[in-house]
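In what follows, a structure is listed as structure tokens, so that the remarks can point back to it.
Below, all heavy atoms of this structure are taken into account, side chains as well, without hydrogens, waters or symmetry copies. The residues of the chain are indexed from 1 along the displayed sequence.
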Amino acid sequence: MRWFFLCLSISFLAGCATYKQDIDAGLSLAKEGEWKKAESKLEGVLDNSQDKLLYYMEIGALAQNQGDYERSNTLLEQAERLSDTFFQENFSNRSWALLSNPRQSDYRGSGMERIYISYLKSMNYLALAEQEKNTAKKRQLNDAAVVEVRRIDIKLNEIRAQNPSYQDLNAKENQAFYMKALSWLGNFYTGGRDTDKFLYRDDAWARYMEGLQYEINSEYDDARISYQKAANLYEDGYAKQYDLPSTTAERAWLDTIRMMQKGGFSQSEIQQKIKDKLSPDMQETLKQYHTGDAELVILEHQGFIPDKSEMTLLLFSDPRAYSLVLEPLHGGGTTQTNDSFRWFTMVYADINPLNLIANYKAGGAWGTFSGIFTKRVILGRPVWQQLSAANVDKLLAQQPIRVTVPYYRRFTLDQHQPRLKTNGPAMTETSHSLRMTSLADIAFQEQLAQAQRDIYEGLTRELLRSWLTYQLTANVKDESASLILNLIGQVAVFASSAADTRNWLTLPAQVRLTREPLPPGEYAPDYNVNQKQFSLGKINLEANKIKLWNLRNPY
């Protein structure tokens, strides 16, 4: 039994290393625009029961990038079904993950990933409709795209119902001081951090895309409602939370106003909205729209969402304070080590009064200051006595236990300003692109919001694994053999500690929007950004129609 457990730990260590290497190899190919080769690589590493949802999402996204829209939708529909089940908790699955590592559990996905399954499906249907010559079939495919945006609306409403809104957060900021103090005191055991600020509570860009697709389908009142929802979200806090330009709200208001014009609103209502919501520059942009014009809309899905890394923490015991202490493993001055240490101090370090007091008692004034570099889990005397009865205190006295948690390294988004050349009857060169969302920042903040859960789950898992190894070897009668086996076992457990670093990696880091009203005619648009040029080829823009260019920029 004990040999089986030790070999199992070592095999998991090797398996995790191979997984990471293969994922990195697939991503490197994707970042060069080698979509087919990337698919082949990722297909092999994700083809297992635990990663089934990831498999369908990653391969579905790569199929879309190759222009294989029907296959992409088939794969993403499978992802849709899996994500909607939320993978009912399986006791054996969870238990196995607790004894091995979290990657052995089924990948469940995040709220954002559920939204972008439907988002990509809607883009597939629009691309298929663009290729279709039969009018009835084209209409059917456009309707299918609208069905997907309605799914987005339902999913976002579910997410919104479970989390505080931007209005709730603003109300909390404006409440009386004594209420803020009570809220602060209530956060003792969450590290004194208000994780509500980081939650994914709604998606202004997804709401905007609902509006765009309704507009493409000539459902102008529904488009107006969706554009206005997006505008309100950008204003209320979405733009601030994800570090977007303030003009994102203005762009959404401009399109709301255009739908008001198409929907028969009175001129006085329209003028009032223009005055209240649009700057002089955006008012000039609105004037560029003329009756009978076509419109070229470019969605640049740029870069890749960042991948998670593993941070190693060492778990010690502090019997004097009836506490467990976690400290990041210092590995020199590399960029990754510095990033992990900064994440630790930002998310986990002891900054609340209870932990500061415990640190002071344990180490005086220096102990209080050292709390910046540690996380203390205060158990109290009764719980500590129970751990002592189970010999956990002896286990911790022998050597520290390794606990691993996921985190994001620092990343930067591409800030180059794209330029569009229309190359047609109206020869224009413009740079009106706007960064409308940052999926990279959404993923980053979702990880911040669940960081406390990650560290306590990791702590519990590694304590249990180490304790089981300790118990298995403690029953060996030969003292020398017991010591050797215990050493080997603890080294194997230490080495095989792992965090769940899975997420949907072929999603873009950000989305930039360019909208250009143009006279009807034949064009050959070029889109230039960061010394890269993308060409759509010859297109015919029809009066009162929108041409959508879904541009996947891997660079």
Where the side chain of [X] meets the backbone of [Y], is there a donor-acceptor pair that is under 3.5 Å apart?
X      : Y      : value
Thr374 : Val325 : no
Asp500 : Arg502 : yes
Thr345 : Arg342 : yes
Ser323 : Ala321 : yes
Ser72  : Asp68  : no
Gln50  : Arg103 : no
Glu327 : Lys375 : no
Gln64  : Leu120 : yes
Arg201 : Asp196 : yes
Trp205 : Val511 : no

| request: Give the C-alpha distance, both sets of side-chain angles, the deciding distance and a yes or no for salt bridge (charged side-chain N to carboxylate O under 4.0 Å, His left out) between Lys229 and Asp202. | output: CA-CA 10 Å; Lys229 284 181 180 178; Asp202 211 323; over 6 Å; no
Which atom pairs, one a donor and one an acceptor, fall under 3.5 Å between side chains of residues 29-40 and the rest of the protein, sequence neighbours left out?
residue, atom, partner, partner atom, Å
Glu39, OE1, Gln66, NE2, 2.7
Glu39, OE1, Arg71, NH2, 3.1
Glu39, OE2, Arg71, NH1, 2.9
Ser40, OG, Lys36, O, 3.3

Using 0.5 Å steps for rounding, measure from the [atom1] atom of [X] to the [atom2] atom of [Y].
X      : Y      : atom1 : atom2 : answer
Leu27  : Ile305 : CG    : CD1   : 11.0 Å
Leu448 : Tyr407 : CG    : OH    : 13.5 Å
Glu300 : Asn553 : CD    : CG    : 4.5 Å
Trp467 : Asn391 : CH2   : CG    : 9.0 Å
Leu413 : Tyr242 : CG    : OH    : 13.5 Å
Leu42  : Leu505 : CG    : CG    : 8.0 Å

Where do [X] and [Y] come nearest, in terms of heavy atoms and distance?
X      : Y      : answer
Ser83  : Arg114 : O-NE, 3.7 Å
Ala499 : Glu310 : N-OE2, 2.8 Å
Leu156 : Ala206 : CD1-CB, 4.0 Å
Tyr166 : Gln241 : OH-OE1, 2.6 Å
Lys121 : Leu76  : CG-CB, 3.6 Å
Asp51  : Asn48  : N-OD1, 2.9 Å

Is any side-chain heavy atom of [X] closer than 4.5 Å to a side-chain heavy atom of [Y]?
X      : Y      : result
Arg376 : Ile378 : yes
Leu326 : Leu314 : no
Leu439 : Pro508 : yes
Arg409 : Asp307 : yes
Leu396 : Phe316 : no

**Residues Lys52, Asp106; criterion salt bridge (charged side-chain N to carboxylate O under 4.0 Å, His left out); working and verdict** = CA-CA 8 Å; Lys52 190 176 294 184; Asp106 293 332; over 6 Å; no
I would like to know whether Glu113 and Tyr107 meet side chain to side chain contact (heavy atoms under 4.5 Å, CB included); could you show each step before the answer? CA-CA 12 Å; Glu113 290 172 352; Tyr107 182 74; 2.8 Å; yes
- Task: Test Tyr55 against Glu43 for side-chain hydrogen bond (donor to acceptor under 3.5 Å, both in side chains), laying out the working first.
- Result: CA-CA 7 Å; Tyr55 173 89; Glu43 196 171 31; 3.1 Å; yes
Does this structure show an ion pair linking [X] with [Y], if we count only N-O contacts that are shorter than 4.0 Å?
X      : Y      : value
Asp153 : Arg207 : yes
Asp339 : Arg410 : yes
Arg81  : Glu77  : yes

Contacts of Tyr234 meeting ring pair (Phe, Tyr, Trp, His ring centres under 6.0 Å) (sequence neighbours excluded), chain-then-number -> Tyr238
Leu459/Leu324 under side chain to side chain contact (heavy atoms under 4.5 Å, CB included): CA gap, chis, key distance, verdict
CA-CA 10 Å; Leu459 185 153; Leu324 300 175; 4.1 Å; yes
Q: Run the numbers on Thr404 and Thr312 for side-chain hydrogen bond (donor to acceptor under 3.5 Å, both in side chains), then give the verdict.
A: CA-CA 5 Å; Thr404 51; Thr312 293; over 6 Å; no
So Glu58 and Thr506, side-chain hydrogen bond (donor to acceptor under 3.5 Å, both in side chains) or not? Walk me through it. CA-CA 6 Å; Glu58 301 285 20; Thr506 50; 2.5 Å; yes
Fill in: Lys155 atom NZ, neighbour heavy-atom count above 12 within 6.0 Å
yes
Q: Take Gln447 and Asp454 through the test side-chain hydrogen bond (donor to acceptor under 3.5 Å, both in side chains) and record every step on the way to the result.
A: CA-CA 9 Å; Gln447 188 60 49; Asp454 288 334; 2.6 Å; yes
Describe, in one word, how the ring planes of Phe444 and Tyr408 are oriented to each other, choosing from parallel (under 30°), tilted (30 to 60°) and perpendicular (over 60°). tilted
Q: Could you walk me through whether Tyr119 and His301 pass ring pair (Phe, Tyr, Trp, His ring centres under 6.0 Å), step by step?
A: CA-CA 12 Å; Tyr119 177 94; His301 298 86; 5.7 Å; yes
- Task: Is it possible for you to check whether Arg552 lies under 6.0 Å from the centre of the six-membered ring of Phe304, through NZ or CZ, and within 45° of that ring's axis?
- Result: yes
Taken in chain and number order and not counting sequence neighbours, the residues that satisfy side-chain hydrogen bond (donor to acceptor under 3.5 Å, both in side chains) with Asp414 are His416, Arg512
From the list Asp203, Ile115, Leu199, side chain to side chain contact (heavy atoms under 4.5 Å, CB included) with Ile159 holds only for Ile115
| said: Using the rule given for side chain to side chain contact (heavy atoms under 4.5 Å, CB included), can you reason through Leu233 versus Tyr208, listing the C-alpha separation, both sets of side-chain angles and the distance that settles it, and then say yes or no? | reply: CA-CA 10 Å; Leu233 279 170; Tyr208 184 93; over 6 Å; no
Please lay out, stage by stage, how Thr437 and Thr248 fare under the test side chain to side chain contact (heavy atoms under 4.5 Å, CB included).
CA-CA 9 Å; Thr437 192; Thr248 51; over 6 Å; no
